[in-house]
S.K.: 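Below is one structure. I have some questions about it.
No experiment lies behind these values; they were computed from the predicted model shown. Letters A, B, ... are given to chains in the order of the sequence lines, protein chains preceding strands, and every chain is numbered from 1.
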2 protein chains.
Amino acid sequence: MDKEKLTYIEETGLVFEQLGMTRMAGRVFGFLAVSDKEEASFDDIREGLNASKGSISGTAKQLKNAGLIEPVSLPGDRKTYYRISKMEVGNILRARLTLFKTFSDNLEKGLILREKNDEIAGWLREVSAFYSWVGDKISDVISTWETEKKNIIKEKNPHEKIRHT
Amino acid sequence: MDKEKLTYIEETGLVFEQLGMTRMAGRVFGFLAVSDKEEASFDDIREGLNASKGSISGTAKQLKNAGLIEPVSLPGDRKTYYRISKMEVGNILRARLTLFKTFSDNLEKGLILREKNDEIAGWLREVSAFYSWVGDKISDVISTWETEKKNIIKEKNPHEKIRHT
DNA sequence: TCATTAGTTCATTTTAGATTGAACTTAATG
DNA sequence: CATTAAGTTCAATCTAAAATGAACTAATGA
């Protein structure tokens, strides 16, 4: 695999770290994204990333649970292959929205314990309301994407040439 | 400080950890949220949380940079006090939206390096478009909150009693 | 000016989490 | 039924980030 791709894979590792996943998860995803094969075997990945079997095993499970990759098995071949999953993209983000609710609930609990009903309490109430509200709104936005995505993508690139492959 | 509050403070630490900040940042925020004083001194916090000066110093800086708390100084008192900041809540979330752009850009870069223009490539293009689009939409949602929050809160609790303090 | 107090800095220690690697399980094949 | 190959599991190791605590700086005021 060429140097540019390897650099990209490492960058993807750092991006995934920012997103709260492990660096290795980003590497595996990045590897599959730029791999010249449709899907890569467990061992292709392990070799390509110079990692241990244990690490690949755990990371593959992590990415599978997150819905980002999926295993593929082929008849007459005992190996497991992996490829990037075509799972609905909105669901990946939706799963993260629980954090908004968690934060909002945490603030509510704090407000009950707080003795003073002062300016700060008012502000905390507002922050809690915001996160609760914005979580719902983002969920709506995701739904809009799901029903309208074809039109949205068209609007974004109205003059895009049709690709002949 | 009573046991319930201490439990709450620890919980808040865990919530903040989920949000990508440190546990101690959550503790400090939680402490200020349930403190019976309007603002707490550096040393109130340090004692309340049984932490070192160094830790409080670093954490206070972190929370100040994030816009979650603000220092207060009083005339004739050399101590620094902290209280929860009334910064616009939308900005805290907006700061996180750069991640969406980062992820979208990362995917675009991967698409350039990818040799096959297959189904997976199409999907990656869609994921990238989604994160770019949804980031903008969330920004719009935040703007809506900022201009409409009074109405939004009213709609949520239409029969709320007016509080006489 | 000197003593005291408040907070910062940073080298060291601690802790949590990621990675390894060897032993193990499972399943296919001769 | 033994052999081999593919993955998984988990205890040990490694790494990076967080917390400590002692030395330091800055600022007040006796």
S.K.: When the ring planes of A:Phe103 and A:Tyr131 are compared, do they come out parallel, tilted or perpendicular, using 30° and 60° as the limits?
M.R.: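 Ring orientation, 0 to 90° scale: perpendicular.
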S.K.: Just list the side-chain donor-acceptor pairs under 3.5 Å for residues 55-65 of chain B, sequence neighbours left out, or say none.
M.R.:
| residue | atom | partner | partner atom | Å |
| --- | --- | --- | --- | --- |
| B:Thr59 | OG1 | B:Ser55 | O | 2.8 |
| B:Gln62 | OE1 | B:Thr22 | OG1 | 3.3 |
| B:Asn65 | ND2 | B:Lys61 | O | 3.4 |

S.K.: Rounded to whole angstrom units, what separation is found between the CG atom of B:Asp77 and the C1' atom of D:dT28?
M.R.: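 Computing the B:Asp77:CG to D:dT28:C1' distance gives 11 Å.
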S.K.: Rounded to the Å, how far apart are A:Lys53 NZ and D:dA5 P?
M.R.: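 The answer, rounded to whole Å, is 11 Å.
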S.K.: Tell me, which pairs form a ring pair (Phe, Tyr, Trp, His ring centres under 6.0 Å) where one or both residues lie in residues 19-62 of chain B, sequence neighbours left out?
M.R.: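 Listed once each, the pairs are B:Phe16-B:Phe29.
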S.K.: The criterion is side chain to side chain contact (heavy atoms under 4.5 Å, CB included); which residues satisfy it with B:Ala95, sequence neighbours excluded?
M.R.: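 Listed in chain order: nothing, the list is empty.
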S.K.: What are the residues of residues 54-76 of chain B, sorted by number, that bring a heavy atom to within less than 4.0 Å of DNA chain D?
M.R.: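 Output list: B:Gly54, B:Ser55.
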S.K.: Taking only residues two or more places apart in sequence or in another chain, which ones pass side-chain hydrogen bond (donor to acceptor under 3.5 Å, both in side chains) with B:Asp140?
M.R.: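 For B:Asp140 there are no side-chain hydrogen bond (donor to acceptor under 3.5 Å, both in side chains) partners, ignoring immediate neighbours.
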S.K.: Does the D:dA5 base have a donor-acceptor partner in the side chain of A:Arg78 within less than 3.5 Å?
M.R.: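 Counting by modelled atom types and ignoring angles, a donor-acceptor contact under 3.5 Å is found here.
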S.K.: Quick one: side-chain hydrogen bond (donor to acceptor under 3.5 Å, both in side chains) partners of A:Glu38, sequence neighbours excluded?
M.R.: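 Expected list: none.
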S.K.: In whole Å, what is the span from the OH atom of B:Tyr81 to the C1' atom of C:dG7?
M.R.: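 It works out to 14 Å between those atoms.
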S.K.: For B:Asp44 and B:Lys37, what are the C-alpha separation, side-chain angles and deciding distance, and is it a salt bridge (Lys or Arg N to Asp or Glu O under 4.0 Å)?
M.R.: CA-CA 10 Å; B:Asp44 289 340; B:Lys37 292 169 190 162; 3.7 Å; yes
S.K.: Just call it for B:Lys79: base, sugar-phosphate, or nothing, with non-hydrogen atoms closer than 4.0 Å on any strand.
M.R.: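 B:Lys79: backbone/sugar contact only, no base atoms under 4.0 Å.
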S.K.: Give a yes/no on whether any side-chain N or O of B:Thr80 is located under 4.0 angstrom from OP1 or OP2 of C:dG7.
M.R.: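 For C:dG7, OP1/OP2 do have a side-chain N/O of B:Thr80 under 4.0 Å.
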S.K.: Which whole-number value in Å describes the distance from A:Glu47 CD to D:dA6 C1'?
M.R.: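 One finds 14 Å between C1' of D:dA6 and CD of A:Glu47, rounded.
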S.K.: Near DNA chain D, which residues from residues 11-29 of chain B have a heavy atom under 4.0 Å away?
M.R.: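 Only B:Thr22, B:Met24 qualify.
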S.K.: Please list, chain by chain and in numerical order, all residues satisfying side chain to side chain contact (heavy atoms under 4.5 Å, CB included) with A:Glu148, sequence neighbours excluded.
M.R.: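 For A:Glu148, the residues satisfying side chain to side chain contact (heavy atoms under 4.5 Å, CB included) (neighbours in sequence not counted) are A:Thr144, A:Asn151, A:Ile152.
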S.K.: List the residues meeting side-chain hydrogen bond (donor to acceptor under 3.5 Å, both in side chains) with A:Ser85, not counting sequence neighbours, and say none if there are none.
M.R.: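 A:Ser85 satisfies side-chain hydrogen bond (donor to acceptor under 3.5 Å, both in side chains) with no residue once adjacent residues are dropped.
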S.K.: Sequence neighbours left out, what passes salt bridge (charged side-chain N to carboxylate O under 4.0 Å, His left out) with B:Arg94? Give chain and number order.
M.R.: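 Salt bridge (charged side-chain N to carboxylate O under 4.0 Å, His left out) list for B:Arg94, sorted by chain: B:Glu146.
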S.K.: Whole angstrom is fine here: how far is it from CZ in A:Arg46 over to C1' in C:dA22?
M.R.: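 These atoms are roughly 14 Å apart.
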S.K.: Any chance you could pull the hydrophobic cluster mates of B:Tyr81, using side-chain heavy atoms under 4.5 angstrom and chaining through other members?
M.R.: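 Under the 4.5 Å side-chain rule, B:Tyr81 groups with B:Val72, B:Leu74.
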S.K.: Where along residues 34-45 of chain A does a heavy atom fall under 4.0 Å from DNA chain D?
M.R.: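 Residues of residues 34-45 of chain A under 4.0 Å from DNA chain D: A:Phe42.
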